[in-house]
Each structure stands twice: as structure tokens, then as C-alpha cells.
Amino acid sequence: MARYNFKDIEPKWQAAWDQRGAFRVTEDVGRPKYYVLEMFPYPSGRLHVGHMRNYTIGDVLARFKRAQGFNVLHPMGWDAFGLPAENAARDNRVHPAKWTFENIATMRSQLKLMGLAYDWDREIATCAPEYYRHEQKFFLDFLNAGLAYRRESWVNWDPVENTVLANEQVIDGRGWRSGAPVERRLLNQWFLRITAFADELLEAIGRLDRWPDKVRLMQENWIGRSTGLRFRFTVEQSDGTPHSDVEVFSTRPDTLFGASFLALSPYHPLTARLAAESPSLQTFVEMCGRIGTSEEAIETAEKHGFDTGLVARHPLDSNRTVPVFVANFVLMEYGTGAIFGCPGHDQRDLDFARKYGLSVVPVVLPPDADAIGFTIGTEAYTGPGRMINSEFLNGLDVEAAKAAVCTRLEATGHGERIVQYRLRDWGVSRQRYWGCPVPVMYRADGTMVPVPEDQLPVLLPEDVDWDQPGNPLDTHPTWKFTTCPETGQPAVRETDTFDTFFESSWYFARFTSPHASARGFDRAAADYWLPVDQYIGGVEHAVLHLLYSRFFMRALKQCGYTDVEEPFAGLMTQGMVTHETFRDANGTWLYPEEVEERDGRLVKRRDERPVIVGRLEKMSKSKKNVVGLEQTVDTYGADTTRFMLLSDSPPDRDVEWSNAGIDGAWRFLNRVFRMVTESPIALPAVGTPCPEYLSEPAKTVRRQVHKTIVAITDDFQRFHLNKAVARVRELANALADLDGHADGAGWVLREGLETLVCLMAPMTPHVCEELWQALGHTDLLVDTPWPKPDVTLTAEERVTVAVQVNGKLRTTVSLPVDCDEANARTAAMNDPIVARTLQDRPIRKVIVVPNRIVNIVA
RNA sequence: GCGGGCGUGGCGGAAUGGCAGACGCACCGGACUUAAAAUCCGGUUCCCUUUUGGGAGUGCGGGUUCGACCCCCGCCGCCCGCACCA
């Protein structure tokens, strides 16, 4: 049986598209635009089949929209700054640039193998000075606009990677890449003021209606808006001498009469002052620093407190005081770094109070509880209710009590209502070489001076000594020494580089005009193309990259670069490609090709020892469950690989890569190939008009052809790509079953095959192009418009209607479409099976849903 | 702990108030072949029945409805995100 020769076909059509410039685009106001973007890859080495799902999904959409007449921008580039290049430099003495560009060359050729419809003229690499120089200008603009600032702050220090991590890069107290326990260090850091947009970023989430709910929710939680009262306690020494004021923040000011302690963060300024005179407090603070980063402590969340001996006077009752503690669970980074504890109505405060023997006074009575016997046991009550034990608040509900306390304390000048966010400003400083230099310098007296715009870009030095530990920019013999443009005196450059999320926060804008040299992007081009209509990538970027990009566009807007605020109108988060994992008896991971089946059991090819099959996991180099791209394309071709990645699972769920699956895809493409090239039914010439008479079987198939156009168009629009695959197969089955003797069969088969090829083209473009030619066409399929369904054909004349008796299916009847209820009812009642089932029971009711169902209730 | 998602044949999944299991994988049987591969045809949720047919069935328990995989209430299980955020 002949097999189609993808090895000739695929390069041939790739060259034809290339020569045609099929995917090169420019702005064209005469056509609707559509911007499809897949999250660009970090050039880490080689791609495997698991990486290709993302690009295949995007390619289907790009080709589909293009066929529909949209002016489609579909670019590709490289997120090229990052730590692995620097690690490679240290390990292998290869310059990060060389390593990166070699990887890019490899991965570009891999992508080209797949026939992806990219406009390669727009390719960018973020490590190129033509790219990162614009970030330095953005940064200076941000600085002017007050959106960038420098401050000394506690940072998460990764001791293995010798760098600072963003809060987002710390997972369970460990570095997201190294897995090493994170330490606290105080450093001067650059920040971008993302919190200035907190409310706007939060509010606009509601309008991102083509984003998954899950991602929107994650961003909402990340921003974490809460409203409450910030107010002041006066702290005194135990003898009543005033000591200082402490501000706290609370979302539950209604529970203020239930307060039984004040707690300060170990990093609160007052704690520092007290610790200076108290070695035991000093020891306590140091202990908090240690357990704060250990995984165990975070999981068990044991609460520790240190009684300072000070007391705080109650702001609503000057006769009352509560003790002041330093407690490990109070975060300096949120609110004011100090809280009042109300154990009755906050679980964490309750745990603390029980441990240190503090009073627990309930102040909110649950609606169904009895005021006399109500006490708090081991669980705090956080629900609604009426106030008790709270003087002037007694009897109010929780919301009214909140308002009353806020009003009272605002009136006395003790506090104010504020909005508080969980979101922190974005720390962008990294003590790394392979990133964009921060374009500022410092004079001898420490004054910061921005690098003048006419001195941009600040380029990375190329000669770097990788034998020295720490930041190569800092240890470079000459690079950082310069002169102040204002005074002419010696100055030193900032040796930090930007977090690499900086690059990915605007690359989608750069793609709209990648050769713009004056500014990062051409405003007219960006205004034409943005926002990205459909963005596709992994859910792991749900918060970081996507939130930073949303912020970045707003910051650029504020600096006059664009009017676009939301970079991504539509977002699809695709699932992973998984594969079985294999290990030998020692627990060492094995590659799939190291495993073979012997007598129904899996054994290691080399020594025939048994193999342990693990669970399905995301394809990754570390677990060795990867399938190479080249070997798959070499065996099956790009189209089969693409078809496999689209089959079976919906794009937002995981898909399992299996040999059986790819064989199935391969068989199907061969079958379609033979249906065209070895058709047993003679096909009329291209363009032959439809014969006047079509037999019923031919009409039926033709109807399915047009219905399939409607269905697949809808499937593509809604990302139901697995369903589109199923429908393509159904159509192929129907065409294969067409009776060649039926009148009009040849004509209908031609129409059906042409339609099938057009509908499959976004998924398997090379073989479809070949078949389009085999069908007698001389133009390129890639230039052929999306098929138009003839809706007069899709209407059925008769329809099969289900007949239920008491809601249970008994039979079906064939009825004319839209037949009236009385006739439907009669037809159903006259059916012998219905009559037998009913016997002589009286009929109580008949429900008729036209063209669907008749339900007889007896 | 909080938030979200998911649960359907041996497997991936389809059907989102109206014929459960489309389409595929796997498996079984048949044709072709010296044989195998490939290909083509047929079968395949479970139980009862020779058949016609009948019964059960979408994690479990209730409810709404003429009718529920689908909506509501309560459980169970798995997965993901956040996690001392006052």
C-alpha cells in the first residue's frame, strides 16, 4: 500500500509558501486584522514534541483566520536573556551570547520543520541591543514619571544562584529554579510601581471576557484588594509612661472591643528599637528569620510570640490596655506591620491567644446562638451576627459596627479608612550579567544619575571573566567606571540588570514594528495591531508575565507611547503534553527509546532488566519522558505530528503522547491521501457545475459536507480543535462510503474532497496543499478562501425524533422537519412499540419538542 | 485552611435540559495474502435473552422537571492555584 511521501511534500510546500511570502504581512486598513501570538520560548536548547502543541494550536488559528480573510499577524521570537545562558557560560566556558544564538539557530530550524505560518521577517531576540536599548529608554521615562524608584529593601536572596528573587519566584520559601532555601538580605533595589495601577488592573479584569475565569481569579487574588481601617494605638510602658504610637490595619474594626493583644512584625521599626536594648528579643527576631524560610515552619505554621512588656491603650476605651507582643506571623510587607489580635473572631489570633494564655472575648454573636452560653472554643467565629460585649456597638450587625468604629476613629483623628493590596511593587533588579543593564550611574557621594539618552544603549561588555563568583558586571575591571555627565567627575554604573520579565512585558508590541529604531515600536503599527487578539501559552504564566504585561502597557501609555492598555484581548491556556515515565530498578529515569517490550513486559533494552512504569507526567528533560521532534518528524512528518497534537484532548486539557496515537494520525492522513489520489470514483474536472439531478445518497453526503463546514468553522472559533479533528474524520468516512453508482456521486465526491482538504489545511497544511494540487488546482491552497457553507443545503427534510414514554426512550420516528405538534403526536402514538408499552393506560399528557422529542406521560 | 476545576466504556474523549458513549485508541472476528505487514468489512458500556426484546447505567445520596451527564442541596475522590495578607 502506497504511503504518501511527506519527505518530499513538506519541504516543497514550505519553500512554495516562503517564495510566495504567504505569511508576510503589513498594516492594511482595508481588512480586519487578527493578531495571533504564542508565548515566545526561552532558547534553552532543543524543542521536543511537547513544546510543539502551543505552536500548533496557534498555527491552526492563524491559518484559519487568514483563510477567512483576516490580515493575520503571527510572529515568533526569542525570550533570550536569562540564567541558563549564564550557567552554561560558567560550566562550559562559552559566552552566553554564543550559547543563546546557537540555541536559537537550532530551535528556529526545528520550528521551520513544522511548517508554521510565521512572518519570519519579524523575528526578534530580546538579548540583541536593538531590542534591549528601548527598555533603557522606557526605564528612564518610568523614572521621570515616578513609576520607577530605588529603595533599600529586604529581598529574597537565592544563595545558590547568587541573586535576588521576586516574591513570585519564591515557592514555599525556596527559589523557583534552584529549590534552595531563600535568605533575607537588605539591598538597594530598583522597583516598578505596579501598585500605582492596582485598582485599575483589578477593575479591568472584569472586561477581559475572553480570558479563562481561572486566570482572572488568580490575578484578582494576587492583587488582593481589601478595605479596612488604619488606626493608632498609644503604647506605654507598664508603669503608664507613654512610649510610642503604633499603627495597625484591620478589615474587622468592628471586633475592636474583642482585642486582647497587639502584635508587631519582627521587622517592625519599633521591634528594632526594642531589640537594640533587649538581647532576648534580638535572639527571638533572629529565630524568626531562620524559621521563616524553612519549609517545615511554613507548613506547620507554629506561632511564636515575644512579650515586650509594653502595653497598648485601647483607642475606644481609655481604661483598657492590652499587651504588646512581637510575633512571627505578622508580615512587615503588608499593612502597617502591626496588628491588633481579636482571638474570638480570627483563627490565627485565637491560636496565638491560647498559646500565650490571653483572654478570648466573643464580640459577635452568631444569628442562631444564645447570648448567655456563647463562648469560643477552638474555632474562631468569622461569620455574620450582632455585636455583644462592645459598649456602644452592642446590637449592631457586623457591617454597621464596622462603619460605626471607622466613623468614631476618623472623627477623633485616630485613624482612616483605607484600601490595602496584597500586590507589592515589582522588584526588577538582578545581580546578573545576561540581562539588560539598568541605565543609571552613581556619583562618589552616592547620588544617582540617569544615563543621558544620547549615551544609550548601555551595552553589556563582551569580555567577561567567568572564574570570579558574583555578578560579572560588578567584578569587571573597567566596565562600570564612567564619568558623570553633569559634573564630569568619576562615577560608577549600576551593575544590576533587569529581571527578564522586563523583556517579555512588551515584546508583543515590538512584533508590530520590529525594525523601528527611534522608539521601541512604531505607534501607528502598534495601534493597528494591538491588542493581541488571541494569546496562547501555559497557565504557569497566569500571574507573573500576564500581570506585568498588563502593567507595562499602562506604564507605557502614561509615558505617551500608546493608548492600548490591555495587551491581550483573548487568552487560551493550553494543557501539557504528557508521556509515560520509565525508571529502572535503581530509580534512574529512562528515555522511551531505552525501553522495549519483551514477552509482554517492559524491560531495559540494554540489560533486559525490568522497567518500572511511572505515572503520566509533563514531558521534561529531567524525567527523560521526552519524544524528540526530529525523530518524530523524520518518521511520520510534520503534518502527522501536528494532527496528533490536536487530536483527542481539548487544547486546555493535557494530552497524552503515545505511539498508538501518532500511528492513528498517520493512518488517517494516508487514508485521505489515497481517497484523493486513488479515488475509485471518477471525479469531474475542476469547476464543473453541479449536475441538475443528484440522487438521494449523493444529496445526503452533500448535506453532510456543508454541515461540516458550519461545524468546523464554529469549532475553530471556539478552540474545540479535538472536535474539529473528529468531524474531519466523520466527513472522510462519509465520503469513503459514498456509492459510486449513485447519480451525481462523482461531482459530490469532488466537492466533498475539496472541502475536506480546505477544512484540514489549518491543521495539516502540507499534505492538504499537495492534495489540492492533485485535485487539479493550480493556485495555492494557502491563498484559497475558507469554504462557504450553502445553508440551503444543510437543512434536513426529515428528522428522527425520539419517543419517550414516561421519560424513558422507547423508539424513534421519522418526521418531516418542523412538522406540527399534532402530527408528531399522532405519529408517536401510532408507533407499535409505543402502543405496546402504553397498553391500555390512560394518557395524562404529551410533551412535544419540535424536531427533538415526543414524551408521552401515562 | 482559602479559592478554583474535574469525576462519563478497557483508554482519550463527545453530548451542557431532549436518542449517553460522536470520533479515535485498544481489543475481538472476518476478507485479501504462501505468510506477515498494510488495507478493507463487521463487532465492542454492563446484565438477562436463541432472537425479537427487556433491565441497569455518567463518583455517592437527595431534590427540581414530562424529561437531568447537564440545574439545585449534601457528601466522597482526584488535580491545580494561593497560603500566617490582619
Side-chain angles (χ1 to χ4, degrees), chain A residues 1-3 171-172 212-218 220-222 224-226 228-230 248-253 255 263 265 292 297-303 327-331 333-342 345-349 351-352 420-424 539-540 542-543 616 644 647-650 652-656 658-665 667-668 670-671 674 720 722-733 736-737 800-813 833 836-837 844-858:
Chain A
M1 186 63 62
R3 294 317 187 93
I171 294 157
D172 289 340
D213 290 345
K214 177 192 169 79
V215 174
R216 298 198 299 180
L217 201 68
M218 283 166 75
E220 275 171 26
N221 292 340
W222 192 263
R225 182 183 202 271
S226 41
L229 185 71
R230 183 175 60 202
V248 300
F249 171 72
S250 175
T251 56
R252 293 295 303 276
T255 63
S265 163
I298 286 167
E299 276 180 16
T300 55
E302 174 80 23
K303 288 170 182 47
N328 66 331
F329 64 89
V330 181
L331 305 174
E333 298 83 4
Y334 184 80
T336 62
I339 60 158
F340 81 84
C342 175
H345 307 284
D346 182 291
Q347 190 59 44
R348 189 194 40 200
D349 295 347
D351 295 343
F352 189 81
Q420 190 68 45
Y421 299 93
R422 187 182 169 281
L423 183 71
R424 319 272 157 80
V539 73
E540 66 271 21
V543 175
L616 291 174
M644 160 71 197
S647 301
D648 295 336
S649 289
D652 55 354
R653 275 199 234 175
D654 292 353
V655 66
E656 186 194 347
S658 66
N659 293 336
I662 190 140
D663 280 338
R667 276 200 299 271
F668 178 70
N670 274 291
R671 181 161 168 246
R674 286 194 306 273
H720 293 171
N722 58 322
K723 286 199 254 175
V725 167
R727 281 190 231 280
V728 154
R729 302 184 95 120
E730 279 178 295
L731 180 58
N733 290 346
D737 290 344
T800 303
V801 170
V803 181
Q804 295 181 336
V805 176
N806 292 334
K808 194 177 275 287
L809 179 75
R810 289 298 162 184
T811 187
T812 58
V813 292
I833 294 173
R836 195 185 60 210
T837 310
R844 299 216 312 263
K845 193 173 177 184
V846 179
I847 288 108
V848 178
V849 181
N851 302 328
R852 286 252 180 214
I853 207 161
V854 178
N855 189 10
I856 300 161
V857 185

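Note on naming: letters A, B, ... go to the chains in the order of the sequence lines (proteins, then strands), and numbering restarts at 1 for each one. The figures here come from the full heavy-atom set of this structure, side chains too, leaving out hydrogens, waters and symmetry mates. Given the structure is predicted, the values throughout are model-derived calculations rather than measurements.
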Participant: Considering Watson-Crick and G-U wobble pairs with both distances under 3.5 Å, what does B:A22 pair with?
Facilitator: none

Participant: Which of the following nucleotides, B:A26, B:G54, B:A14, is nearest to the side chain of A:Arg810?
Facilitator: B:G54

Participant: Check whether the side chain of A:Arg424 and the base of B:C85 form a donor-acceptor pair under 3.5 Å.
Facilitator: yes

Participant: Picking from B:C19, B:C41, B:G24, which would you name as closest to the side chain of A:Asp737?
Facilitator: B:C41

Participant: Can you tell me the base-pairing partner of B:A15? Count Watson-Crick or G-U wobble geometry only, both distances below 3.5 Å, and say none if there is no partner.
Facilitator: none

Participant: What about A:Arg348: does its side chain form a donor-acceptor pair under 3.5 Å with the base of B:A86?
Facilitator: yes

Participant: If you only use heavy atoms from C-beta on, which nucleotide in B:C23, B:G3, B:A14 is closest to the side chain of A:Asn733?
Facilitator: B:C23

Participant: Who does B:C6 pair with, Watson-Crick or G-U, both distances under 3.5 Å?
Facilitator: B:G77

Participant: Which base sits across from B:U45 as a Watson-Crick or G-U pair, both distances under 3.5 Å?
Facilitator: B:A56

Participant: Could you tell me if the side chain of A:Phe340 sits less than 4.5 Å from the side chain of A:Thr255, heavy atoms only?
Facilitator: yes

Participant: For atom P, what is the distance between B:A15 and B:C23, given to the nearest Å?
Facilitator: 13 Å

Participant: Does the base of B:C23 carry an N or O that pairs as donor and acceptor with the side chain of A:Lys723 under 3.5 Å?
Facilitator: no

Participant: Please lay out, stage by stage, how A:Asp213 and A:Arg216 fare under the test salt bridge (Lys or Arg N to Asp or Glu O under 4.0 Å).
Facilitator: CA-CA 5 Å; A:Asp213 290 345; A:Arg216 298 198 299 180; 3.1 Å; yes

Participant: Can you confirm whether the side chains of A:Asn733 and A:Arg671 place a donor and an acceptor under 3.5 Å from each other?
Facilitator: yes

Participant: Counting side-chain heavy atoms from CB outward, which of B:U39, B:C80, B:A86 is closest to A:Arg674?
Facilitator: B:U39

Participant: Please tell me which of the listed nucleotides, B:A14, B:G18, B:C84, lies nearest to the side chain of A:Ile847?
Facilitator: B:G18

Participant: Regarding A:Tyr334 and A:Ser265, do their side chains bring together a donor and an acceptor under 3.5 Å, going by distance alone?
Facilitator: no

